[in-house]
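Per chain, numbering begins at 1; letters A, B, ... match sequence-line order.
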There are 2 protein chains.
Amino acid sequence: MTIEKAVSLLRKFYKQQKRLPSYQEICTLFGYSSKNAAVYLVNKLIEAEILEKDDKGKLLPKKLFHIPHLGIIKAGYPSPAESSLGDSIDFYEYLLDIPGDIFSLTVHGDSMIEEGIHDGDIVIVAKDHHPRNGDIVAALVDGEWTVKYFQQKNNRVYLIPANNSYPIIEPRESLSIGGVVASVIRKYH
Amino acid sequence: MTIEKAVSLLRKFYKQQKRLPSYQEICTLFGYSSKNAAVYLVNKLIEAEILEKDDKGKLLPKKLFHIPHLGIIKAGYPSPAESSLGDSIDFYEYLLDIPGDIFSLTVHGDSMIEEGIHDGDIVIVAKDHHPRNGDIVAALVDGEWTVKYFQQKNNRVYLIPANNSYPIIEPRESLSIGGVVASVIRKYH
DNA sequence: TCATATGCTGAACAAACGTACAATAACTAT
DNA sequence: ATAGTTATTGTACGTTTGTTCAGCATATGA
């Protein structure tokens with residue numbers, strides 16, 4: 001049983017069950033007939049930093065789902081993927097480490113295209129009703145939702161698109177800030 | 001103990017421990033002195049679809065980390081957040097449901113800006129060495145990494161930027177396709 | 001060829017775990 | 001006021017869990 005195969009099986013189990021298997025379940029999963037074989041394997045995985053044990057001795061994933069981050073590349077001209085090789089990122093933590101309540105929206109249209117928010121992108125919004133100038137906000141203007149830059153001047157609020165062909169919005173009746181856009185997620189295919 | 005507070009405490013525990021607490025740990029966590037109080041609470045959470053039990057009776061998160069998806073909004077002009085309210089997304093599944101090996105890169109520069117890939121964005125790349133025309137690829141050109149559109153014509157490969165001020169790259173010596181960009185992730189602040 | 005490390009089997013055990021049942025306190029609705 | 005539901009306590013029990021020890025077969029290296 002190689003580490004690679006073990007990682008693959010553990011990922012599969014974790015994705016289905018949303019938890020790590022017990023030693024007994026590892027036996028079933030890996031075809032062992034002795035629990036101690038599982039203990040042996042787990043120790044190797046702990047050494048490899050795939051798994052770890054918490055203070056109570058319970059098993060938990062360490063880098064099981066980390067994605068190797070190959071570094072920074074210039075999209076302008078080719079450049080060496082700057083160092084930091086061997087690093088890895090837990091995207092769940094990376095993305096959702098946002099304080100407070102969050103919700104998401106799918107964006108349609110191209111009014112924020114110069115900000116790199118395209119049709120079909122999902123934005124993650126942190127509920128925060130006191131945005132600062134320049135923040136990208138999800139706002140409820142006159143009863144309808146929109147995503148725009150937030151700008152406050154002389155006690156008046158302007159919602160500014162990132163696309164010249166759209167007008168700046170000045171809320172007439174009511175304005176409710178849903179929150180500040182914390183992340184943008186795009187998926188291809 | 002309200003459901004909201006329970007969810008918040010469970011999320012905190014799960015983030016730290018990467019697993020759900022046992023009934024005993026729920027007692028400590030919620031200040032109960034009887035395990036049965038924990039059972040009671042858990043049953044409510046199962047009814048609310050926050051948690052669920054698998055076929056073996058083990059507790060696992062169902063919608064504990066789902067982010068409410070408020071629907072589709074027009075970024076052009078304000079429009080009603082089209083239905084689908086009450087829906088929710090598991091972003092871990094959403095993002096990383098990519099077959100095969102993946103790795104990530106941080107992009108510098110603005111050569112893909114018209115594709116909405118900005119300086120500082122992270123791209124998730126699926127290792128796939130046979131991209132189709134139009135795919136965004138991470139490629140190793142003459143020993144250095146770059147992110148560009150992939151275009152193959154008459155047996156020649158072109159790497160095309162999404163920015164007019166940059167030239168089309170024709171690999172001279174060698175070209176190695178690292179993979180196809182599957183997602184783009186941006187984080188503000 | 002012999003010693004050692006590696007990978008696994010099998011069994012034993014205390015602690016922790018989930019489940020169940022009976023009882024009580026607090027809140028709601030009528 | 002009273003009946004019923006909701007929220008919690010306390011206890012008991014069989015099962016599963018992680019751990020440990022002894023042993024054996026197969027590779028590995030000197």
Side-chain angles (χ1 to χ4, degrees), chain A residues 1-66 86 90 92 101, chain B residues 1-66 86 90 92 101:
Chain A
M1 176 68 59
T2 64
I3 291 219
E4 287 75 27
K5 200 169 182 195
V7 165
S8 162
L9 284 169
L10 283 176
R11 279 184 180 163
K12 200 173 152 194
F13 187 98
Y14 199 98
K15 272 188 183 174
Q16 281 172 8
Q17 310 290 122
K18 299 272 171 66
R19 62 176 175 87
L20 286 178
S22 69
Y23 285 97
Q24 272 180 34
E25 287 168 326
I26 290 177
C27 290
T28 315
L29 200 60
F30 293 3
Y32 292 140
S33 50
S34 167
K35 256 202 291 185
N36 201 32
V39 173
Y40 188 87
L41 203 253
V42 163
N43 285 332
K44 277 209 305 182
L45 292 169
I46 289 174
E47 259 184 66
E49 294 198 304
I50 310 288
L51 305 178
E52 63 179 330
K53 290 193 178 181
D54 64 11
D55 25 286
K56 291 183 70 180
K58 298 247 175 184
L59 226 49
L60 52 93
K62 190 171 184 181
K63 294 189 175 172
L64 184 57
F65 291 104
H66 282 211
D90 182 338
Y92 202 86
D101 261 2
Chain B
M1 175 69 58
T2 65
I3 292 219
E4 287 74 26
K5 199 169 181 197
V7 165
S8 160
L9 284 168
L10 282 176
R11 280 184 179 162
K12 200 173 152 195
F13 187 97
Y14 199 98
K15 273 189 183 172
Q16 281 172 8
Q17 309 290 123
K18 299 270 172 65
R19 62 175 175 87
L20 287 177
S22 69
Y23 286 98
Q24 274 179 34
E25 287 169 324
I26 290 176
C27 290
T28 315
L29 201 59
F30 293 5
Y32 290 140
S33 49
S34 167
K35 255 205 289 188
N36 204 32
V39 173
Y40 187 86
L41 203 251
V42 164
N43 284 334
K44 276 208 308 180
L45 292 168
I46 290 174
E47 259 184 66
E49 295 198 303
I50 309 288
L51 304 178
E52 65 179 329
K53 288 193 180 184
D54 64 13
D55 23 288
K56 292 183 69 181
K58 297 248 174 184
L59 227 49
L60 51 94
K62 191 171 184 181
K63 293 187 174 173
L64 183 57
F65 290 104
H66 283 210
D90 182 337
Y92 202 86
D101 261 2

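Of the side-chain N and O atoms in Ser33(A), one or more sit less than 4.0 angstrom from OP1 or OP2 of dG10(C). In this structure, Lys58(A) reaches the dC17(C) phosphate: one of its side-chain N or O atoms is under 4.0 Å from OP1 or OP2. At least one side-chain nitrogen or oxygen of Tyr32(B) sits closer than 4.0 Å to the OP1 or OP2 atom of dT8(D). Side-chain nitrogen and oxygen atoms of Ser22(A) include none within less than 4.0 Å of the OP1 or OP2 phosphate oxygen of dT16(D).
Rounded to whole Å, the distance from CG on Leu20(B) to C1' on dC17(C) is 14 Å. The distance between atom CG of Asn43(B) and atom C1' of dT19(C), rounded to the nearest whole Å, is 11 Å. If you measure from atom CG of Leu59(B) to atom C1' of dA16(C), you get 16 Å, rounded to the nearest angstrom. Rounded to whole angstrom, the span from the CD1 atom of Ile26(B) across to the P atom of dT19(C) amounts to 11 Å. Here dA15(C) presents its C1' atom at 14 Å from CD of Glu25(B), a figure rounded to the nearest Å. A straight line from CG of Leu41(B) to P of dG18(C) spans 14 Å, rounded to a whole angstrom. Taking atom CZ of residue Phe30(B) and atom P of nucleotide dT8(D), one finds them 11 Å apart after rounding to whole Å. A straight line from CD of Gln24(B) to P of dT9(D) spans 14 Å, rounded to a whole angstrom.
Nearest approach of Phe13(A) to Arg19(A), heavy atoms of both residues: CD2-O, 3.3 Å. Closest heavy-atom contact between Gln17(A) and Leu60(B): O-CD2, 3.2 Å. Here the shortest heavy-atom pairing between Ala38(B) and Tyr32(B) reads N-CD1, 3.9 Å. Closest of all the heavy-atom pairs between Arg11(A) and His66(A) is NH2-O, 4.2 Å. Pro61(A) and Tyr14(A) make their closest contact through CG-CE1, 3.8 Å (heavy atoms, listed as atom of the first residue, atom of the second, distance).
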Check: protein-nucleotides 19-23 of chain D nitrogen or oxygen pairs below 3.5 Å:
from, atom 1, to, atom 2, distance (Å)
dT19(D), OP1, Lys53(A), NZ, 3.1
dT19(D), OP2, Tyr23(A), OH, 3.2
dT19(D), OP2, Lys53(A), NZ, 2.9
dC21(D), N4, Asn36(A), ND2, 3.2

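Lys56(B) comes within 4.0 angstrom of no nucleic acid atom, judged by non-hydrogen atoms across all strands.
For the atom pair CG (Leu59(B)) and OH (Tyr23(B)), the distance works out to 5.0 Å, reported to the nearest 0.5 Å. Once rounded to the nearest 0.5 Å, the distance linking CG of Asn36(B) with CG of Leu41(B) reads 11.5 Å.
Salt-bridge check for Glu25(A) with Lys58(B): failed, with every basic side-chain N at 4.0 Å or more from each acidic carboxylate O.
The terminal axes of the helix from dT1(C)-dA30(D) to dT30(C)-dA1(D), fitted over 5 pairs per end, subtend an angle of 40° to the nearest 10°.
Checking Leu64(A), Leu10(A), Ile26(A) one by one against Leu45(A), the side chain to side chain contact (heavy atoms under 4.5 Å, CB included) holds for a single residue, Leu10(A).
Nearest nucleotide to the side chain of Ser34(A), out of dT9(C), dT9(D), dT6(D): dT9(C).
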